[in-house]
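Step one of this worksheet: look at the structure below.
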Amino acid sequence: MTMNSRKSWIGRRALLGAALVGGGALWAGTTVARLARGPNGTKDLGRIADADGVVLPDEMQGVAPAYDPGLPWKMQGGVLNDASALSRTPVYGVVQVASENDVARALAFARDNGLRVSMAAVRHSMGGQAFDDNALVLDMMKFNSIALDEAQRSMTVQPGATWHDIQNVLHPRFAVKAMQSTDIFSVGGSLSVNAHGMDHQVGSIAGTVKQLRMMLADGSVVTCSRTENADLFRHIIGGYGLFGVILSAELEITDNAVYRTSREIIRSLDFPAFFAEKLEHDENVGLFYGHLSTAPGNFMQDMIVYRYDKVAEEAPPDMPELGAPGAVGVKRVLMNLAKWGGPFQELKWFSERALEPRFESCTVSRTAAMGEGEACLVSRNNPMHDSVPYLFNDLPAETDILHEYFVPRGAYNEFIEGAREILMAQDLPVLNASIRIVHQEDIALNYAPVPAFSLVLYVNQPTTEEGNRQMRDLTRKLIDLTLQHGGRFFLPYQLHFTGKELLASYPEMPEFLAAKLRYDPGELFTSTFYRAIKALAGMA
């Protein structure tokens, strides 16, 4: 080979290498940008057609009535979806409720015209719990006033108020007692599912409700509590909006205490003993959650225990305002990469285990540490003020689905081992797995008839028929496992359960549905979820 030809070959090789490197860098940059991109509107990816053979789409009978021009319409006709993106449903219309009078007029219009009514706010349920085919939907988001009563240590809020807005009103002196671990939900939605969260001492939201004001199907307004209209009270909380419209709720509040944050990695199977010895009876542990590894190398075997130990009853007067979560783009990229499995799940677990502590936001100044040295201190409001923007994305043809399963505390180890086997034997990516504490409840549709641990899963799926089939199969296997251990599954999620599983988990369902007909004999209040559970329970 001549010198010139050798130089030419080397030059072409270098050019090809440069092109490959440049192309790889461009692909990587484009991919990262795509994975970091936030949502461009609400995802709407279709509709799951049935629940255990019960067809969900429901055609309107007859001619739709004319729209009353006196109602504050947000939408006439159209479709709604929920956080699953798989509940696309045609509705009669949406009324933007801003006052009690709006509710009364909307219900009267529905009664006079043979329409059914659903209530919706943030719509983070995942199985049509907030709307129904051809229903008149009340959008509660602007029905959202918040009134603080410092003397009574309570707040009276309308159902559209979000926990995010409530915390901004309470901070820095007061804090919420019970809510979900993220602040994006509305009070009405949280009451309708009887939500629970990070405070294992307080339990669910039911225990913090002093009283409710409700508008019933006939337009009458009643007050209910544990001592007044107590039966109705037990059915409204955790009643999925089927008994009436919540007009206001009086909720207990608490001090915005200061906590020292810490985390500890333990074996998942050691958790029951850890909880009993270090958490359950220590009243200074104000908040807690457990986060299981989803990395293939130790899938659901290791667990990070996050705990918040009280060091002061009140936050200092110089507390900064509540801020938004940081590094949203990075967190979103890590979450979306985890959907690719294997090494990316290991990267996510490494980040949670080793990197997160280095970037923890310590919001209480060290001058207020009161002998805590270099400890990271936060107020109660800080870890509960997370709108999780990094969970929402603009990726097409896929969605992320929540599950939650409650088991008696003594059954935890066998249940976790069984869940681990089921999840490892299927192909849908498990993005998050966490453990919560729930107390014995006293509501009509009860997910915790005994003290329980709950497993919360966040699972990705393609929005194809095969993806839906895989999610349905996974859900039913996990429900059956839960039932084997004397537990129950949570109802705000997709309608993938069978009628047999529904009644085995909620044997009180027939009584619940009978009570629905006592309080709402004309079935004015409805939802896709209601039609499904009624049919599956054999009461259609």
Side-chain angles (χ1 to χ4, degrees), residues 43-58 81-89 123-133 193 240 294 299-300 339 341 395-407 415 418-433 447 454-485 487-506 509 527-538 540:
K43 281 190 178 184
D44 181 17
L45 300 173
R47 183 176 192 177
I48 294 172
D50 75 284
D52 194 20
V54 175
V55 176
L56 297 178
D58 188 25
N81 214 321
D82 56 33
S84 73
L86 291 171
S87 300
R88 181 191 298 155
T89 301
R123 303 202 305 272
H124 269 274
S125 55
M126 294 187 168
Q129 287 86 353
F131 44 76
D132 196 11
D133 294 72
V193 304
Y240 293 87
T294 56
F299 185 79
M300 291 179 67
K339 298 170 184 178
L395 301 178
E398 58 108 81
T399 188
D400 304 323
I401 301 300
L402 276 165
H403 301 234
E404 186 164 7
Y405 305 95
F406 306 90
V407 293
F415 169 75
R420 179 173 177 269
E421 291 178 10
I422 290 171
L423 291 164
M424 290 188 68
Q426 57 88 49
D427 295 327
L428 298 178
V430 180
L431 304 178
N432 267 316
Y447 56 69
S454 80
L455 171 65
V456 183
L457 300 171
Y458 198 49
V459 184
N460 180 255
Q461 71 154 93
T463 54
T464 60
E465 284 302 313
E466 175 59 17
N468 292 335
R469 185 201 64 76
Q470 289 178 293
M471 186 62 76
R472 182 171 59 247
D473 182 62
L474 172 62
T475 303
R476 291 179 179 182
K477 287 179 179 177
L478 289 169
I479 291 174
D480 288 342
L481 174 71
T482 303
L483 291 171
Q484 289 169 20
H485 293 286
R488 301 188 172 197
F489 68 97
F490 207 11
L491 289 168
Y493 304 127
Q494 287 185 306
L495 309 179
H496 284 324
F497 44 85
T498 67
K500 181 179 179 181
E501 289 170 333
L502 175 66
L503 290 175
S505 191
Y506 292 93
M509 182 62 74
S527 63
T528 305
F529 166 78
Y530 173 57
R531 284 194 294 111
I533 62 172
K534 185 172 69 165
L536 293 177

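The shortest distance between side-chain heavy atoms of D473 and Q426 does not fall below 4.5 Å. Looking at L455 and M300, their side chains come closer than 4.5 Å, going by heavy atoms from C-beta outward. Looking at heavy atoms from C-beta onward, H496 lies in side-chain contact with I48 at the 4.5 angstrom threshold. You'll find the side chain of L395 reaches within 4.5 Å of the side chain of K339, heavy atoms only. Between Q461 and Q470, the closest side-chain pair of non-hydrogen atoms is not below 4.5 Å. Between I401 and Y458 the shortest side-chain heavy-atom distance does not fall below 4.5 Å. Using a 4.5 Å cut-off on side-chain heavy atoms (C-beta onward), F490 and V193 make contact. The shortest side-chain heavy-atom distance between T475 and Q494 does not fall under the 4.5 Å cut-off.
The two residues V430 and T294 come nearest to each other via the heavy atoms O-CB, 3.5 Å. The two residues D52 and G499 have their closest heavy-atom pair at OD2-N, 2.9 Å. Between A537 and L503 the shortest heavy-atom distance is CB-CD2, 4.1 Å. Annotation for R47 and P57: closest pair NH1-CA, 3.6 Å, computed over non-hydrogen atoms. Nearest heavy atom pair, residue L86 against residue N81, reads N-OD1, 3.4 Å. Taking every heavy atom of both residues into account, G487 and S505 meet most closely at O-OG, 4.2 Å.
The line from CG of L481 to NE2 of H485 is 4.5 Å long, rounded to the nearest 0.5 Å. L536 CG to M509 CE: the interatomic distance, rounded to the nearest 0.5 Å, is 9.0 Å. Between R531 atom CZ and L56 atom CG the span is 6.5 Å, to the nearest 0.5 Å. Here the CD-CG distance, from Q129 to L495, works out to 6.0 Å after rounding to the nearest 0.5 Å. Rounded to the nearest 0.5 Å, atoms CG (N460) and CG (D400) are 5.0 Å apart. Going from atom CD of E398 over to atom CG of L45 covers 8.5 Å, rounded to the nearest 0.5 Å.
Ring geometry for F497 versus F489: interplanar angle of 30 to 60°, hence tilted.
Geometrically, R488 engages Y506 in a cation-pi contact defined by less than 6.0 Å to the ring centre and at most 45° from the axis.
Residue E465 qualifies as open at atom CD: its count of foreign heavy atoms under 6.0 Å is 12 or below.
Residues that satisfy the ring-ring contact (aromatic ring centres under 6.0 Å, His included) test with F529, not counting sequence neighbours, are Y240. Every residue two or more places apart in sequence or in another chain that forms a ring-ring contact (aromatic ring centres under 6.0 Å, His included) with H403 is listed here: Y405.
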**Message:** side chain to side chain contact (heavy atoms under 4.5 Å, CB included) for L457 and L423? Distances and angles first, verdict last.
**Reply:** CA-CA 10 Å; L457 300 171; L423 291 164; 4.1 Å; yes
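Side-chain N/O atoms of S125 and D82 include no donor and acceptor closer than 3.5 Å. Side-chain contact, T528 with D132: a donor N or O sits under 3.5 Å from an acceptor N or O.
The side chain to side chain contact (heavy atoms under 4.5 Å, CB included) with V459 is formed by just one residue from the set L474, L431, L478, N432; it is L474.
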